[in-house]
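Just so you know, these numbers come straight off a predicted model, no measurement behind them. In what follows, chains carry the letters A, B, and so on, assigned in the order in which the sequence lines appear, proteins first and then strands, with residues in each chain numbered from 1.
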Amino acid sequence: MLEQLKVIGHPTPKLDGKIRACGKAVYGHDIVLPNMLYGAILRSKYPAAEIVSIDTSKAKQLPGVVCVITASDVDVNNISYKRDHPILKKGEVNCIRDEIAAVAAVSNEIAHKALNLIKVDYKVKPGIFDPFEALKDQAPQINKFFAGKSKKNITHEFHYEHGNLQEQKDRSACIVSRRYIMPRVTHCCLGTCAITADYSRIDTRLTLYSVTQVPFLYQRDMAHALKMEPSHIRIIQPVIGGGFGSKLDMYPYEPICALLSMKTGQPVQIVFDREEEFLASPTRQPMVMDVTTGADKNGRFTFREVKIIKDNGAYTSWGATTPFVMMQTFSSLYQVPACLFDSYAVYTNNVYAGSFRGYGNPQATFALERNIDALADEMGMDRAEIRLLNANYQGETTGQGLVYRSCGHKQALETVIEKSGYSKKYSVIQQGRYRRGIGLSSMLHVGGGAKIYRSDGCGTTVKFDAYGYLTIITGSTEIGQGSETVLAMIAAEELGIDINKIRVINSDTDVKPWDVGVHASRTSFVAGNSLLGAINELKKKISPQAAQMLNTDVEDLDYLNGQISSRKSGASVKIDKVIREIHFNAPNELCLANYYYEPGSEFQDKNYMGNVSGAYAFAAQAVEVEVDTYTGNVKVLDVYVAQDVGKVLNPLGLSGQIEGGVVMGMGYALTEELIIENGLILNPNFHNYKLPTAGDIPNIHFFPIETIDSAGPYGAKGVGEAPLIPTPAAIANAVNNAIGVEMNSLPITPEKVLKALKNKIND
Amino acid sequence: MNFNIISPKTQEELLRALRYNQDKNFRFGAGYTDLILELKKQPANDLTVINLAQLQDNRFTSITIIDGGLSIGALTTANSIVRSSLIREKYPVLGQAALQHGSRQVRQTATVGGNLCTASPAGDMACALVALQAQCEILSAEGNVRIIPIDIFFTGVRKTDLKKNEILRSIILPADYANGNIYSHFIKVGLRRSMECSIVSLAYHIIADSANKVIKCAAAIGSAAPTIKFCKEACEYLKGKTLNNISPEEAKKFAALIVEYASPISDIRASAWYRKQVLFNISQGIFDNFNSKV
Amino acid sequence: MTKQHTISFTINGHKLQKTIPASMLLLDFIRDELNLKGTKPGCGEGECGACTVLVDGQPVNSCLFLAVNIDGKDVTTVEGLFQQEMLDPVQNALVEYGGIQCGFCTPGMVMTIKAFHNECLSRNIIPDKEQIKKALEGNLCRCTGYTKIVKAVEALFIR
């Protein structure tokens, strides 16, 4: 069946690409509603202070201002999964993002002018900006909503272990320990945060035009925050200008916008400019990682011991839960008999971190893969060989209980090693100004969703109209990654209709069925399977009718080229004719079907053991760099990517994800850093926060590996996050190969390189 | 942002506007790629912008040959400088500097005069012009003209010698920098390949005879001091030496002389140590591949 | 209060006259006064190029361009490229080669590429990869990693 696929596996342009190319797609920024007001938020001047008083009187008097609110004007609950995040701050501020007041006015200009008229009296506090300081006994409690039981400034801790650590330590012939320092970087979606809230006093319904990636969870969170019924809240998702995980949580500006609309009875829109986006949008989780790993005399990995301190910032968002993912890498990437993992999210007066593509895995993989190179070097073993020796295999159940029903780990490694010419390039002796090096890394990530919520499922409704046009109403969300196109391709394949006769609708919670959201690289897998289930249900209606019309059995039918045909007789009937028969004649039924798909994964137990995903994706990268020893600049020349995707659904979309991810990983490795000093963000702009430009990109060579996972749609597994996960590690390993210095903190700036070279010469 | 605007079309209208606004708060706007950012950060009250974008006067807007040298109107855009074959042939360092300024969109409106009057030590075209020992033609509101060397045009970080009643009209490049074997290059050090505000920069323009013996040497460094520095002693040192015969020790000495002019700060982009170190390395490195016209 | 200025200009082929405040930026003028939402606000600092439009056929960052300076000029936005139900070859190429993901950077990218394509044609140049990358340096994209956008531009010159 797989070999005869007509649509799946063929490059297919984005379903609504033309709309986006013409500038006709409507983003949150483009929404204009009648009578709409513009909202603006007053944020704290200091990262840590008492609020002595707030005087909004002058702001309220400014012509054009309709409403000004502070914490005393609203009755709301705290947000965040830890409920430690007040929407509007009262009495004290604990980070530079803190929302103190909000204004709704007839124009953006007036709203921002009003902010300047709000007088806030602060009593500045010293503030704690280093998690190690916050852990000290004498440190004050930073977040007063903190509900933890252990140390006062730890919001969330994780402990995991498998195997016998001491036994494995004793058997180890070689042990290496390193500390890795991972910086803050941020999503930099080209489309900044934007929300329009429209509260109707008549029917007490709130409509939110929101860029959320998780509309149903968001609906529930918003209801809890505003003390409203969830079903009174409707989420409409306009086209999103990028997500990358930034829209996985609900942030104060969103309920604030809703509150402004509720207070004024008019629609209110808040759009961040780029500076506010840098200031107020969550970052990737920064962390300090102490990683010790061992190997026996043959190079087989024996154990990993990991301790991670995370700067949680003043409030808790999803950054604190990155250990869920990180422990999978430490416990299950490459075979390893023992693992001990401890991670602490520590409150500080810095800005908080959220979820960001990879969700902790880039950090974990960086540490692990750097340690592997260090192990190999100390043992005098080849860096490629040590990886191949310990590679995961199909059928493996790891120490944590992950089941590798399909596994392309070794194949991915072998592919990049071969295609990059690794063995030859690795041992070239370098002289002169420019030194080249090559580095390896691999990765493991969930590829079939992640059972972290009560359900990891997705609902789909499919509906055929009388003309043979199909509408797919899917719970899943499109954030630019091409999921709508893949769904349309699946339907075109299964029903034999032209892809131009397919519409995907997924932007209204009043209409679409439940889905947990777009995260964990789950959409192709879960939404794809959900759609296949719905199509099967649909065929249960169509096939009997067609069989009757063609005088044959349902097993004899083929859906192809807009027709349903009998293989035996060659006779065929147009699919739209069959649909009209079903609808307008007996049995007078709609050609409509529903299906809810729950992946076959388990909840992890309280020790984090369990097969958390429906499938796992593996990948490897080999990266070639050139280091300029005069300036310290690292240029990435070529990146070889081998990705175990199970099955390639849309080659065009897939390679787009790979290329985008690699460049994002490159930015994380070399040029990006959100610089914070004493709680203040020093570079909240593109001028000083350096994203890769077109001139910086390497040549990317992509080799998809099809291991055909039995649970995935056509055998496919998720890939959205994977491409950036191995890249920073491979780059650091390549720099090490080029100039013989260890770069254990990101970004690998030219200054760090030059300094390392200088220290090397001095040693 | 809130300001009034006046858009003179001729030099006469410009000078009239200049005279009229002497006792008021005014700024010149040309390419706006710097001004708008400044005004957004620090909004000014009762401001008038004298909008030069609609001025049609060749002395301000054109590149013309004069007395064997070149006159570049202050309102010449970076893109026009990139496209000028005259500049590409005779003063390549300036063309390269312009090409590394911002992006195509920025270069479309950013002017060379704006770059000079902003007087940032990181200015790319400004650095090249200091290396070329350009002259600045300054026009007063009364119609008087004075010409000063670019060295004294910059008086400090973001400060120039312009009086309130003056405007920069053109930049004059000397004729004697345009003949012989020209080795002229702009090196910009940054984190990535584009859209960089230089961490440190080196502009050099060396003229050699047919045996590659240095007749004239000019070099300037940017982002290394409060103002762009012309490295006179380093240039003197190179005179008379043969470019393909520079020994490693001589290259080091040249580099050391360049770095003497550097007194950089440490900021979020880089430390003072890094700036000096890189400047030394790239100065030493210009002799690495001396075999063709750069 | 600032004085109002009247400007006469052409927008996507249509002649128009408007009265606006002196300090109005071209980006805001296009989006709010002319209600053309295709041009996007990306950064307000001339770094990302999402707001790129053509003024007399030349690409500029409309976030750093005063609206009064389009007086007497031709302005083209992304909406102006879609003629008689047909996409411009630049738009078609981006769609075909997969150079669009979230699409927020796309209108600005389209305008930069359009100007670049026209300039190369008028100077009889077929650009190489490095020249194309250089032409795109002022347009940031976070989704695609640029590779397919470069391929799309290369394809424009093969036809």
Side-chain angles (χ1 to χ4, degrees), chain A residues 11-14 16-27 29-30 32 187-192 239-244 271 273-275 277 478-482 650-653 655-664 666-667 685-687 691-697 699-700 723, chain C residues 28 31-32 35-50 77-82 87-88 90-111 129-130 132-150:
Chain A
T12 305
K14 204 169 169 62
D16 65 350
K18 291 184 177 175
I19 306 282
R20 296 183 198 222
C22 290
K24 289 206 183 299
V26 178
Y27 296 82
H29 311 67
D30 306 326
V32 181
H187 309 72
C188 295
C189 303
L190 261 292
T192 57
V239 179
I240 298 175
F244 312 115
V271 173
D273 66 12
R274 185 53 62 178
E275 188 178 345
E277 179 82 3
E478 161 80 36
I479 53 170
Q481 85 283 43
N650 182 0
L652 198 61
S655 52
Q657 285 293 295
I658 300 289
E659 290 153 9
V662 165
V663 171
M664 199 175 241
M666 188 179 80
N685 49 60
F686 281 146
H687 195 63
L691 285 184
T693 68
D696 299 298
I697 62 175
N699 299 316
I700 299 175
Chain C
D28 299 327
R31 285 180 61 81
D32 301 333
N35 270 312
L36 294 167
K37 302 289 186 186
T39 309
K40 301 300 181 206
C43 71
E45 33 168 338
E47 290 276 336
C48 75
T77 68
V78 67
E79 288 90 345
L81 294 190
F82 180 67
L87 260 62
D88 187 275
V90 172
Q91 292 163 321
N92 265 327
L94 280 176
V95 175
E96 197 185 319
Y97 282 81
I100 303 176
Q101 288 187 28
C102 85
F104 201 84
C105 77
T106 302
M109 197 69 79
V110 165
M111 301 318 285
K129 215 180 215 124
E130 287 308 308
I132 294 173
K133 288 181 185 179
K134 176 76 180 163
L136 299 177
E137 66 184 341
N139 288 77
L140 294 179
C141 174
R142 197 51 160 158
C143 297
T144 67
Y146 308 101
T147 297
K148 292 192 182 337
I149 297 175
V150 172

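- Atoms CG and OG1, from Leu190(A) and Thr106(C) in turn, are 9.0 Å apart once rounded to the nearest 0.5 Å.
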Trace of the salt bridge (Lys or Arg N to Asp or Glu O under 4.0 Å) decision for Glu45(C) with Arg274(A): CA-CA 9 Å; Glu45(C) 33 168 338; Arg274(A) 185 53 62 178; over 6 Å; no
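- When Gly23(A), Ala25(A), Pro692(A), Ala21(A) are compared by the number of non-hydrogen pairs under 4.5 Å with chain C, Ala21(A) comes out ahead.
- With hydrogens and angles disregarded, no donor-acceptor distance shorter than 3.5 Å links the side chain of Glu659(A) to the backbone of Gly145(C).
- With a 4.5 angstrom heavy-atom cutoff, Glu275(A) does not touch chain C via any of its atoms.
- Closest approach of Pro41(C) and His29(A) over heavy atoms only: CG-CD2, 4.4 Å.
- The candidate from Gly482(A), Gly243(A), Ser655(A) with the greatest count of non-hydrogen atom pairs under 4.5 Å with chain C is Ser655(A).
- The distance from atom CD1 of Ile19(A) to atom CD of Gln91(C), rounded to the nearest 0.5 Å, is 11.0 Å.
- Only the side chain of Lys40(C) comes within less than 4.5 Å of a heavy atom of chain A; its backbone N, CA, C and O stay farther away.
- No other option in Pro107(C), Cys43(C), Gly44(C) has as many heavy-atom pairs under 4.5 Å with chain A as Cys43(C).
- Heavy-atom pairs under 4.5 Å with chain C peak, among Cys22(A), Gly191(A), Gly17(A), Gly656(A), at Cys22(A).
- For the set Gly38(C), Ala50(C), Gly46(C), Gly42(C), the entry with the most heavy-atom pairs within less than 4.5 Å of chain A is Gly42(C).
- You'll find the side chain of Glu47(C) stays beyond 4.5 Å of the side chain of Asn685(A), heavy atoms only.
- Only the backbone of Ile479(A) comes within less than 4.5 Å of a heavy atom of chain C; no side-chain atom from C-beta onward does.
- Of the atoms belonging to Leu136(C), heavy atoms from both backbone and side chain fall under 4.5 Å from chain A.
- Lys148(C) places a side-chain heavy atom less than 4.5 Å from the side chain of Leu652(A).
- Inter-residue side-chain proximity for Met664(A) and Arg142(C) is flagged as met; some heavy-atom pair is nearer than 4.5 Å.
- By the ring pair (Phe, Tyr, Trp, His ring centres under 6.0 Å) test, Tyr27(A) is found to be paired with Phe104(C), residues two or more places apart in sequence or in another chain being considered.
- Heavy atoms closer than 4.5 Å to chain C are found nowhere in Val662(A), neither backbone nor side chain.
- Using a 4.5 Å cut-off between heavy atoms, Leu94(C) does not touch chain A at all.
- Cys143(C) is linked by a side chain to side chain contact (heavy atoms under 4.5 Å, CB included) to Phe244(A), Gln101(C), Cys102(C), Cys141(C), counting only residues two or more places apart in sequence or in another chain.
- Only the backbone of Thr144(C) comes within less than 4.5 Å of a heavy atom of chain A; no side-chain atom from C-beta onward does.
- There is no contact between Val271(A) and chain C, counting heavy-atom distances below 4.5 Å.
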field: Steps toward side chain to side chain contact (heavy atoms under 4.5 Å, CB included) verdict (Asp30(A), Arg31(C))
entry: CA-CA 9 Å; Asp30(A) 306 326; Arg31(C) 285 180 61 81; 2.8 Å; yes
